[in-house]
Trainee: 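Pasting a structure below so you can have a look.
Just so it is clear, the values below take in all heavy atoms, side chains as well, and ignore hydrogens, waters and symmetry mates. Below, chains carry the letters A, B, ... as their sequence lines are ordered, and counting in each starts from 1.
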2 protein chains.
Amino acid sequence: MHRHEGHDACHGDVADMLARAEAVCRERGLQFTPLRREVMEAVAEAGKAQGAYDIAEKLSAPGKRVAPVSVYRALDFLMQQGLVHRIASRNAFIPCAHGHAPGEGVVFLICRTCGGVDEASSEMLEDGLDRTLKRAGFTPAHSILEVEGDCGACRERQQAG
Amino acid sequence: MHRHEGHDACHGDVADMLARAEAVCRERGLQFTPLRREVMEAVAEAGKAQGAYDIAEKLSAPGKRVAPVSVYRALDFLMQQGLVHRIASRNAFIPCAHGHAPGEGVVFLICRTCGGVDEASSEMLEDGLDRTLKRAGFTPAHSILEVEGDCGACRERQQAG
DNA sequence: GGCGGCAGTGATACACTGTAACAAACCCGC
DNA sequence: GCGGGTTTGTTACAGTGTATCACTGCCGCC
């Protein structure tokens, strides 16, 4: 349902994520270009949500500048393919931790201490939201569910400290 | 639970909102200054979410310019008092339609056709979210729940047209 | 009355986020 | 090789938000 034991546990998944991204693109007849790969990698290997400009800087090197606009384009592509999510409350991006249908209700759990972002989804939540919307006579197209707080690891760390 | 029959029905509430804002400030020993009042009014009387720059422009007149930064300060104040909400997905602001505890789970229903924003809250949703968070071992501090779609009025209008 | 502190405001400048527009490079089938 | 689509580079710009400093007005106090 969700990942991250601590927020380092996920770093090992970078290779998996890249492999999945490549597979998805091949499946759909789309190009997984070097730039897209680099952007995906940058998002995947960061332990927390990355801003587009952060990524641009990270990918830039003396003699090889990657402009933010290029990063945005790659991110748009990756988001369309469901490989990356945008965190609206942070203007930042994270890798999609698990395959889920596009548009499915996923909540982002954003730790205000470590900055890590976890994905969670649940039937109960989905049900509650659906009924609330139905009662309001509202037809949903796209949802943004983000909760800021403290993740388990950081809370323990604080209590210990 | 929620308001807005159509999105004009709420315009009559402007006076109420201003009165409530004034009452809240007096209660808490805070100043409801002319600027804050004007910003509150601008947010309240618009049928849809207003950007800070929109408000600044609206309040400006030949000879009396209101800078965005002033609007932001007023908005920050009004948000702290729970009189105004920020819609993260739009970078825009709406008046709080009803008194609810700060931090309580409220979902914003954003109509992509008319731009109107409705507030809804429900126990079911709250429960679902709480359990999802608990299961993930996450302690919430602040939630952003925004759904974009079509409100009842606009959907009917589309089917009719 | 004068004085000092404080909240609020004005004004300028700036940082950050995102997009538009156009040109150049690339790939691929024909 | 050629035409057409996609991708990328580059520049410029629009939109959103913050930092900083100066000024005002108010209130309490000596």
Trainee: What are the residues of residues 31-42 of chain B, sorted by number, that bring a heavy atom to within less than 4.0 Å of DNA chain C?
Mentor: B:Gln31, B:Thr33, B:Leu35, B:Arg36
Trainee: Listed by chain and number, what are the side chain to side chain contact (heavy atoms under 4.5 Å, CB included) partners of A:Gln80, not counting sequence neighbours?
Mentor: none
Trainee: Do you see a donor-acceptor pair shorter than 3.5 Å between the side chains of B:Gln81 and B:Arg28?
Mentor: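 There is such a pair (donor and acceptor under 3.5 Å, judged by atom type) between the side chains of B:Gln81 and B:Arg28.
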Trainee: Would you kindly check if the NZ (Lys) or CZ (Arg) of B:Arg26 is within the cone defined by 45 degrees around the ring axis of B:Phe32 and under 6.0 Å from the six-membered ring centre?
Mentor: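 Judged by the rule (NZ or CZ under 6.0 Å from the ring centre, within 45° of its axis), B:Arg26 is not positioned above B:Phe32.
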Trainee: For B:Phe93 together with B:His85, are the ring centres under 6.0 Å from each other?
Mentor: no
Trainee: May I ask you to list the residues sharing a hydrophobic cluster with B:Leu145, side-chain cutoff 4.5 Å, ordered by chain and number?
Mentor: A:Val107, A:Leu109, A:Leu125, A:Leu129, A:Leu133, A:Phe138, A:Leu145, A:Val147, B:Val107, B:Leu109, B:Leu125, B:Leu129, B:Leu133, B:Phe138, B:Val147
Trainee: Is the shortest side-chain heavy-atom distance between B:Lys48 and B:Val117 below 4.5 Å?
Mentor: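 Of all side-chain heavy-atom pairs linking B:Val117 with B:Lys48, none is under 4.5 Å.
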Trainee: Please state whether the phosphate of D:dG9, meaning OP1 or OP2, lies under 4.0 angstrom from any side-chain nitrogen or oxygen of A:Ser70.
Mentor: yes
Trainee: Please identify each residue that fulfils side chain to side chain contact (heavy atoms under 4.5 Å, CB included) with B:Ala56, with sequence neighbours left out.
Mentor: B:Pro68, B:Val71
Trainee: Rounded to whole angstrom units, what separation is found between the CG atom of B:Leu75 and the P atom of D:dT16?
Mentor: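 Going from B:Leu75 (CG) to D:dT16 (P), I get 13 Å.
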Trainee: Just grab all the salt bridge (charged side-chain N to carboxylate O under 4.0 Å, His left out) pairs involving residues 60-74 of chain B, residues at least two apart or on different chains.
Mentor: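 Non-adjacent pairs meeting salt bridge (charged side-chain N to carboxylate O under 4.0 Å, His left out): B:Glu38-B:Lys64.
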Trainee: Can you give one letter per nucleotide of nucleotides 17-26 of chain C, going 5' to 3': B for a protein heavy atom under 4.0 Å from the base, S for sugar-phosphate only, - for none?
Mentor: BBBBB-----
Trainee: Between atom CG in A:Leu30 and atom P in C:dC28, what is the gap in whole Å?
Mentor: 14 Å
